[in-house]
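Following: one structure in structure tokens, then a few remarks.
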There are 2 protein chains.
Amino acid sequence: MKITPEQTAALLREKDNILILCHAHPDGDTLGCGYALCRALLSLEKRAAVLCEDELPRALAFLSEGMPKPDFEPEFVVAVDVATIKLLGDCVGERFGTRVDLCIDHHYTNSLFAENVLLDDTAAAASEIIFQLLQIMHIEITPIIAECLYVGVSTDTGCFRYSNVTSRTLRTAADLMDLGADCARINREIFETKSRSFAMLERMALNSAQTYFDGLLATVTVTQQMFRESGASEDEFDRIAAIPRQIEGVLVGAAIRELKSGAYKVSVRTNPPMNAADICARMNGGGHPAAAGCTLEGSPEENVKTLLLVVEDALRKAGKM
Amino acid sequence: MKITPEQTAALLREKDNILILCHAHPDGDTLGCGYALCRALLSLEKRAAVLCEDELPRALAFLSEGMPKPDFEPEFVVAVDVATIKLLGDCVGERFGTRVDLCIDHHYTNSLFAENVLLDDTAAAASEIIFQLLQIMHIEITPIIAECLYVGVSTDTGCFRYSNVTSRTLRTAADLMDLGADCARINREIFETKSRSFAMLERMALNSAQTYFDGLLATVTVTQQMFRESGASEDEFDRIAAIPRQIEGVLVGAAIRELKSGAYKVSVRTNPPMNAADICARMNGGGHPAAAGCTLEGSPEENVKTLLLVVEDALRKAGKM
């Protein structure tokens, strides 16, 4: 059932022993939401904790500092920035996927798997929704809560570059800065710092670049061997995903990453009028209009063939071919 | 004489035949200010035009669409985002440098060369000051004026990444979006699109990277030959300037560009506690605490030696060596 922010606030006020689930391969938005909400609930003297299938990326580890472990039997389970059960990851999904009491999300592809859903697909980041929710709940937004939410809004918008940014996003960021978020430090660490290993991975990815359909589609591919050779960590891949779309004239950019399992994660970024979520939906994935993803289980050659078929069809339907 | 925004508004209201000067090698902020102010003055049925020593970068050409040429004898000369006479460029500086009636600027290094100066060094971009000024003057901010000002605030902050961003910057951007600026298109064209020639220049610049002082200083060098070989235009260099500081551990990043004259422009970007303006001031340049520049006239080897001496001294004074 879809519920309003006010109903969500009332629900959270009455519950205790709350477990907050982030999606697997966590990004700044799911973690920002999770730890902001957790800190807010703790400030109400409730028991609360965050659970995520995978480890936090190193640059985001500060979000979880001092937070309790999920070592209690939850009475109420909340998923944040999670569009489908599958995105919780295998272990967390199996254990809690069918008993999520509340999902707070901004993906218009949300499968409504939770008992209650606070869905606002006009929000650039789910962290915008959490910010509104904490205000409705009259919870003090401390500097660290503000930093959690700032990480969410900034990472989901490429630091306010992408087409999902609204004036609300920018005002939310302004308010969070005024509430004590050290945005300069966060921007520097997340957006303006490259490890030497990442710089090497980036060069390798650039060398793998291919274009198709007269430059309307560009791809880069990152293999497990490239991760090993460069020493870069897999959570640094997000920044690679933005690269193919940046080349002039590209409407669909796809970054293909070999997973440890041998399957391939395809991150699709589009420029108008192409829709990344529509493209990924045809490969059993999902996401946002300009940024989406899917997993392909075939051989590298089969996967590229699949991608080319889907993108060609999408380009034709958009009248671009 | 320093004057207030209200005094500036009164001054502009009473004058006519107004010539607006941008700085040479124009960036988004000086042009955004210039064309926003020009359009605003034209809407008051005044005669006004913008003059700049150099051509507009291609991505910013839309700011000047439909604007009149400076083909009248100015009664009142306004410089925007111009810290010193020298920055006007040789021709414009010689002709108008000593007769600037009003300078609107945000550089704390402003030399106060103008008769009247509206200076606000807490503004991340001079465009923030123009936005405030137009509001005081009750001038309608049309979508294209909003786009001029948005270009200014976004380009001077690396699209809201740099340490100069304040909550006022973000709220200004939010207001400009609400006033009709197509921020998604502007961000895509300015920040998220790389021409193939730029991508090649970027790779050449990366190959030239050098580090000094245990990685505290990083440099890249771009020669006229690299511009020729890649086909990139000189106005694309700004994006190269950000690269050296991005490497993990770097406190001072310097991008050295060979000018057509044979001299070298050094663009310095710093991380705290280092101050780029202080470093450049010692080489007869100036700018902001985190982003500044200077021109060196020596041979490449002499210039690097000069840079190393100045940076070493600054690092020592900051207790970093």
Side-chain angles (χ1 to χ4, degrees), chain A residues 59 150 153-154 157-179 181-200 202-203 206-207 209 211 215 218 239 242-250 253 269 271-272 290, chain B residues 59 150 153-154 157-179 181-200 202-203 206-207 209 211 215 218 239 242-250 253 269 271-272 290:
Chain A
Y150 181 81
V153 295
S154 61
T157 59
C159 207
F160 313 105
R161 285 189 184 187
Y162 299 157
S163 57
N164 58 352
V165 174
T166 66
S167 56
R168 171 186 166 188
T169 316
L170 293 164
R171 286 198 186 95
T172 298
D175 290 345
L176 295 170
M177 188 178 262
D178 285 340
L179 287 162
D182 186 350
C183 303
R185 189 199 85 236
I186 293 171
N187 293 347
R188 193 166 63 239
E189 288 174 3
I190 297 183
F191 301 106
E192 287 288 310
T193 303
K194 286 180 186 181
S195 63
R196 282 155 200 274
S197 54
F198 174 78
M200 194 188 289
E202 195 180 22
R203 270 206 301 278
L206 285 172
N207 288 336
T211 59
R239 290 164 70 174
I243 293 175
R245 182 180 56 184
Q246 289 172 345
I247 299 165
E248 205 169 12
V250 167
R269 302 285 182 272
N271 282 325
Chain B
Y150 181 81
V153 295
S154 61
T157 58
C159 206
F160 312 106
R161 286 190 183 186
Y162 299 157
S163 57
N164 57 352
V165 174
T166 66
S167 55
R168 171 185 166 189
T169 316
L170 293 164
R171 287 198 185 93
T172 298
D175 290 345
L176 294 169
M177 188 178 264
D178 285 339
L179 287 162
D182 185 350
C183 303
R185 189 200 85 236
I186 293 171
N187 292 346
R188 195 167 60 240
E189 288 173 4
I190 298 182
F191 301 107
E192 287 289 309
T193 303
K194 286 180 188 183
S195 63
R196 282 155 201 273
S197 54
F198 174 77
M200 194 189 290
E202 195 180 22
R203 270 207 300 279
L206 285 173
N207 287 337
T211 59
R239 291 164 71 175
I243 293 175
R245 182 181 55 183
Q246 288 172 345
I247 299 166
E248 205 170 12
V250 167
R269 303 286 183 271
N271 282 324

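Computed from a predicted structure; not experimentally measured. Naming convention: chains lettered A, B, ... in sequence-line order (proteins, then strands); numbering from 1 in each chain.
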**Item:** B:T172 portion near chain A, given a 4.5 angstrom heavy-atom threshold
**Value:** neither
**Message:** Less than 4.5 Å to any heavy atom of chain A: does that hold for the side chain of B:A199, its backbone, both, or neither?
**Reply:** neither
**Request:** Determine the option with the most heavy-atom pairs under 4.5 angstrom with chain A, choosing from B:S154, B:S163, B:C159, B:A184.
**Result:** B:C159
**Asked** Which heavy atom of B:M177 sits nearest a heavy atom of A:S167, and at what distance?
**Response** SD-N, 3.1 Å
**Complete:** Between B:V250 and B:A218 the two heavy atoms that sit nearest each other are CG2-CB, 3.7 Å
**Item:** Part of B:D175 lying under 4.5 Å from any heavy atom of chain A
**Value:** both
**Message:** Looking at chain A, which one of B:T169, B:T193, B:I243 has the largest number of heavy-atom pairs inside 4.5 Å, strictly under?
**Reply:** B:T193
**Complete:** Assert top hit (heavy-atom pairs under 4.5 Å, partner chain B, pool A:F198, A:Y162, A:F160) equals A:F160
**Request:** Could you check which of A:E192, A:E248, A:R245, A:R161 has the highest count of heavy-atom pairs closer than 4.5 Å to chain B?
**Result:** A:R161
**Message:** Looking at every heavy atom in both B:Y150 and B:N187, which two are closest together, and how far apart are they?
**Reply:** OH-OD1, 2.9 Å
**Request:** Kindly compute the distance separating CD1 (A:I190) from CZ (A:R239), expressed to the nearest 0.5 Å.
**Result:** 9.5 Å
**Message:** A side-chain contact here means heavy atoms from C-beta on lying under 4.5 Å apart; do B:D178 and A:R171 qualify?
**Reply:** yes
**Request:** Measure from the side-chain N and O atoms of A:N164 to the backbone N and O of A:T157, and report whether any donor-acceptor pair falls under 3.5 Å.
**Result:** no
**Request:** Measure A:T211 against the heavy atoms of chain B and call it side chain, backbone, both or neither at under 4.5 Å.
**Result:** side chain
